[in-house]
Amino acid sequence: MARNAPTEDKGDADLEVSSPKDSAAGVPAVVRSMRMSLDQMGVVRTARTLLRVNQDKGFDCPGCAWPDPAESHRAEFCENGAKAVAEEATLRRVEPAFFAEHSLSALREKSDYWLGSQGRLTTPMHKPAGAEYYEPVTWERALDIVAGHLRSLGSPDEAIFYTSGRTSNEAAFAYQLFVREFGTNNLPDCSNMCHESSGTALTETIGIGKGTVTIDDLTRADLILVVGQNPGTNHPRMLSTLESAKEKGARVIAVNPLPEAGLMTFRNPQTVRGVVGRGTPLADRHVGVRLGGDQALFQAVGHLLLERGCVDREFVEEHTSGFEAYAAARATLDWPATLTATGLTEAEIRALADEVAAADSIIVCWAMGITQHRHAVATIQEMVNVLLLGGNIGREGAGVCPVRGHSNVQGDRTMGIFERPSAAFLDALDAEFSIASPREHGVDAVDTVRALRDRRATVFFAMGGNFVRAMSDSHVTESALEAAELTCHVSTKLNRSHTVTGREALILPTLGRTERDSQVTGEQVVTVEDSMAMVHASRGRLPPASDTLLSEVAIVCELARRVLPDSSVDWSGMRGDYRVIRDHISRVVPGFDRFEERILDKGGFQLPLAPRQREFNVEGGRARFSVHSMEYPQCPPGRLLLQTIRSHDQYNTTIYGLDDHYRGITGGRRVVFVNPSDLTVLGLADEQMVDIISEWHGVQGGDALTERRAEEFRIVAYPTARGCAAAYFPEANVLVPLDSTARGSNTPTSKSVVIRLEAR
Ligand SMILES: Nc1nc2c(c(=O)[nH]1)N[C@H]1C(S)=C(S)[C@@H](COP(=O)(O)OP(=O)(O)OC[C@H]3O[C@@H](n4cnc5c(=O)[nH]c(N)nc54)[C@H](O)[C@@H]3O)O[C@H]1N2
Ligand SMILES: Nc1nc2c(c(=O)[nH]1)N[C@H]1C(S)=C(S)[C@@H](COP(=O)(O)OP(=O)(O)OC[C@H]3O[C@@H](n4cnc5c(=O)[nH]c(N)nc54)[C@H](O)[C@@H]3O)O[C@H]1N2
Ligand SMILES: [Mo]
């Protein structure tokens, strides 16, 4: 089964395990990131880039989508932001000679870490049909090849256009316009594997698929619940915000099967206390819920609040619908089922409800621990129910806060990167450009694999990302991509998606955020939107990694000119001056009027978030209570529930190094974290080598059993919730079945895989 697997599949010789840390950041974080920066960029470049991250005239940090602090728009030190910058601004290069030396099958044996460490891509590369090597090509030839494939398709729906979340608003807008003028809505994106469940759940209940809070709200909240999120590693700057919130009296509760270091104690590298002192304990309470137990947990909290009459009657009556049905459904509580689902004690659940009842303003933050479950949409809607009970939407210091991943994933969606666009968006696009956008919905990430596998689509084009490693069911995804006629990647760095190709393949190297983008009218600025709907400018200052690179906007516009020779869109004008694109955006996308003028505002501007004014774009103008029956992942005896997570040394599929500092892992990634009591029951031991086998019975649960295997993992006894296990993605992605997805959002269930461990 494991055909041509990367070398990392052969086990980690240098793996060492020590006890998990109980605090995050501090001086070691600065040292770690400086080491990587100096190694990749040298002294001068390190100083020049790190001083420009998130500065007024600098570039937006490619690390994550957490906003900058409002008051001063000052740059904060962030270990993982610094690593993301070093990864892009590295001085290492992948030149054509590299591809002459390494055949495709040789590259397929390399680990993600090795591939990413080779440096920046410099030259367009082409793998002709039947060839074993990539060869350099001119941009003209490369774009002609893509255009030739696209123009020869029987239907535009036979092509699929993926986007990762680093693409600027300008590039994303031009890209989706090109794809729709070409004639398809096949615009899957990384969001499909990420916060799609949040978008779906929130649109149905509060009328907008985004968060409703600002940074200011976080520092004004009484209570902040951080549910299914590991900010110490993935959103380090959020820890400073939580620290400020705590200074102003907020209580913070972590709901997580793992006691993540960053949530326990934060040593702020910005402050003297963080550097020399003991740091700030962040979480006042850790609720060690079982994987997938959050829906039951929030149902129980809802029940306890109702029982005590903790309801904001005025808000509920004026601004919501469905309360009676919700109250009826939550009137009783099945305690035994609740305790099984959550793995918590009744006392722990009551204590959480006490905290919620005592708080006047509550914010719930969440990320992948919530969105990547079969019942993710229902879980998020139960959290919304609890917020609605207390009137915690459209009030200072209160609201929903889905914490986004990629730095512009939210902006890309706002710009129309979506396989299911609204009719209103398409109408506006059509009116602006005199085109006729297709109305039929396109494929998302999971359906992309199915469409390629079944040969309903034959061209796969990716604007960034690393689709074959990010997607579930790695072997199935790889075979699907290999069935394509053409795979084409616009990329900054080498990754496995370049090595698992269609019959013909292209790599189109592009500029990153940190780099100067010069077009005929001069240097260009791009814009991005963060997790709190703030839009601001980003200007790269470094000289490009190679003279040959084209910007993403340029690639889209040049491709569009070739594919759509009769287009009435001014592609050359847009390429030459991004203000032309922003001018179009200002008329097509709501909230962007006077766009050009407002990007000059210090810190940018916030897009309208109607729920902040208690206006809900849901039937009747009211926020909706939802009723769901209790659901949680079922795990037969002798099995564990596996979640796939990020280590501290990776950015999604980009592996910066082999350490997971806070969890005490160094020198390797093939580990599986298991609770010591479960090990005893299973007859296994810490440090033992095992294979992980996932067991899947289909969506209905009654289908024939299919198994997937990941070999040679070392067991690490770890304080995770009972019955649960954890391993790193992307290595563990072979275990996640393609058809195992969240209801309503079709997001792979990366946090809920039934496994057994087999001793080797
Ligand atoms: N340095 C760095 N930063 C990143 C990224 C990166 O890879 N590296 N990735 C970016 C992206 S795209 C994203 S989406 C975000 C991801 O940010 P996170 O969502 O923080 O990332 P994960 O590592 O998937 O962590 C999931 C967390 O949820 C918990 N969890 C898992 N299942 C459950 C559950 O059922 N219930 C509860 N309550 N908790 C659960 C896990 O124990 C873990 O703490 O980070 C972004 N920022
Ligand atoms: N099992 C499991 N699977 C998961 C997850 C999980 O938690 N568990 N998380 C999911 C989530 S939340 C996400 S968001 C996806 C991530 O899916 P993707 O966004 O597809 O993956 P990344 O690893 O972020 O993509 C990295 C590549 O992007 C390219 N790149 C970087 N910067 C730029 C740029 O500025 N422009 C261009 N054109 N290319 C650039 C580089 O070539 C790099 O190799 O993975 C998902 N997969
Ligand atoms: Mo993500």
Side-chain angles (χ1 to χ4, degrees), residues 62-66 78-81 83-84 87-88 112 115-116 121 162-168 171 189-195 226-236 254-258 260 263 287-294 297 366-373 379 403-409 445 462-472 489-498 507-513 552 555 633 641 643-654 656 720-721 724 726-733 735-736 747-748 750-753:
C64 73
W66 189 256
C78 165
E79 176 185 1
N80 281 317
K83 286 183 185 167
E87 176 75 16
E88 180 178 301
D112 299 302
L115 291 171
L121 296 159
Y162 175 70
T163 314
S164 170
R166 280 201 189 167
T167 296
S168 66
D189 67 350
C190 67
S191 213
N192 297 148
M193 310 174 223
C194 183
H195 264 294
V226 182
V227 191
Q229 196 203 340
N230 179 22
T233 284
N234 299 312
H235 302 90
V255 182
N256 199 313
L258 297 174
E260 304 283 26
L263 284 169
V287 181
V289 70
R290 184 175 173 268
L291 287 171
D294 307 82
L297 178 63
W366 72 89
M368 297 305 101
I370 292 300
T371 61
Q372 298 176 332
H373 284 285
T379 302
V403 182
R404 303 277 162 176
H406 267 304
S407 49
N408 198 38
V409 62
M463 185 58 75
N466 182 5
F467 188 73
V468 302
R469 284 308 261 169
M471 256 305 288
S472 51
H489 287 86
V490 178
S491 310
T492 52
K493 302 283 299 262
L494 191 65
N495 64 47
R496 188 162 170 91
S497 295
H498 304 129
I507 303 174
L508 307 180
T510 193
L511 293 175
R513 259 319 143 70
E552 293 180 345
I555 293 170
L641 205 57
Q643 61 158 327
T644 57
I645 45 172
R646 291 153 175 82
S647 87
H648 195 60
D649 252 1
Q650 77 183 79
Y651 194 91
N652 298 338
T653 69
T654 298
Y656 301 139
T720 179
C724 302
Y728 300 126
F729 116 86
E731 289 82 351
N733 251 341
L735 299 167
V736 187
T747 296
S750 308
K751 300 290 189 272
S752 180
V753 185

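Computed over heavy atoms, backbone and side chain alike; hydrogens, waters and symmetry mates excluded. We're numbering straight along the sequence, starting at 1. First listed ligand is number 1; within each ligand, the first listed atom is number 1.
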With a 6.0 Å cut-off on the ring centroids, do His406 and Tyr651 count as close? yes
Note: Arg166, heavy atoms under 4.0 Å from ligand 2, region reported as side chain
Using a 4.0 Å heavy-atom cut-off, which part of Met368 comes near ligand 1: side chain, backbone, both, or neither? both
To which of Ala470, Pro730, Ala84, Ser750 does the heavy atom nearest atom 47 (N) of ligand 2 belong? Ala470
Arg404-ligand 1 polar pair, N/O distance under 3.5 Å: no
Heavy atom of Met471 under 4.0 Å from ligand 2? no
Contact with ligand 2 for His489, non-hydrogen, under 4.0 angstrom: no
Quick one: which ligand 2 atoms are inside 4.0 Å of a heavy atom on Asn495? 27 (C), 42 (O), 43 (C), 44 (O)
Before signing off on this row, confirm whether Asn230 and ligand 1 have an N or O atom pair separated by under 3.5 Å. yes
Nearest heavy atom to atom 14 (S) of ligand 1: which of Gly293, Ala65, Ala721, Cys194 does it belong to? Cys194
What part of Asn652, side chain from CB on, backbone N/CA/C/O, both or neither, has a heavy atom under 4.0 Å from ligand 1? both
Give the contacting part of Leu291 toward ligand 1: side chain, backbone, both or neither, where contact means a heavy-atom distance below 4.0 Å. both
Proximity to ligand 1 by part of His373, non-hydrogen separation under 4.0 Å: side chain
Closest to atom 8 (N) of ligand 2 (heavy atoms only, candidates Thr747, Asp112, Val468, Thr644) is Thr644
Which one of Asn234, Val409, Thr379, Val255 has a non-hydrogen atom at the shortest distance from atom 45 (O) of ligand 1? Asn234
Nitrogen or oxygen atoms of Gln372 and ligand 1 under 3.5 Å apart: no
Would you say ligand 2 has an N or O under 3.5 Å from any N or O of Gly465? yes
Distance-only N or O hit between ligand 1 and Ile370, under 3.5 Å: no
Which of the ligand 2 atoms, numbered from 1, are nearer than 4.0 Å to a heavy atom of Thr510: 36 (N), 37 (C), 38 (N)
In Thr510, Thr163, Leu508, the residue satisfying side chain to side chain contact (heavy atoms under 4.5 Å, CB included) with Glu552 is Thr510
A student checking ligand 2 against Val490 at a 4.0 Å heavy-atom cut-off should list atoms 37 (C), 38 (N), 39 (N)
So, is Gly369 polar-close to ligand 1, with some N/O to N/O distance under 3.5 Å? yes
Below the 3.5 angstrom mark, is there an N/O of Thr492, backbone or side chain, next to an N/O of ligand 2? yes
Look at atom 37 (C) of ligand 2 and find which of Arg646, Glu552, Gln650, His498 reaches it with the closest heavy atom. Glu552
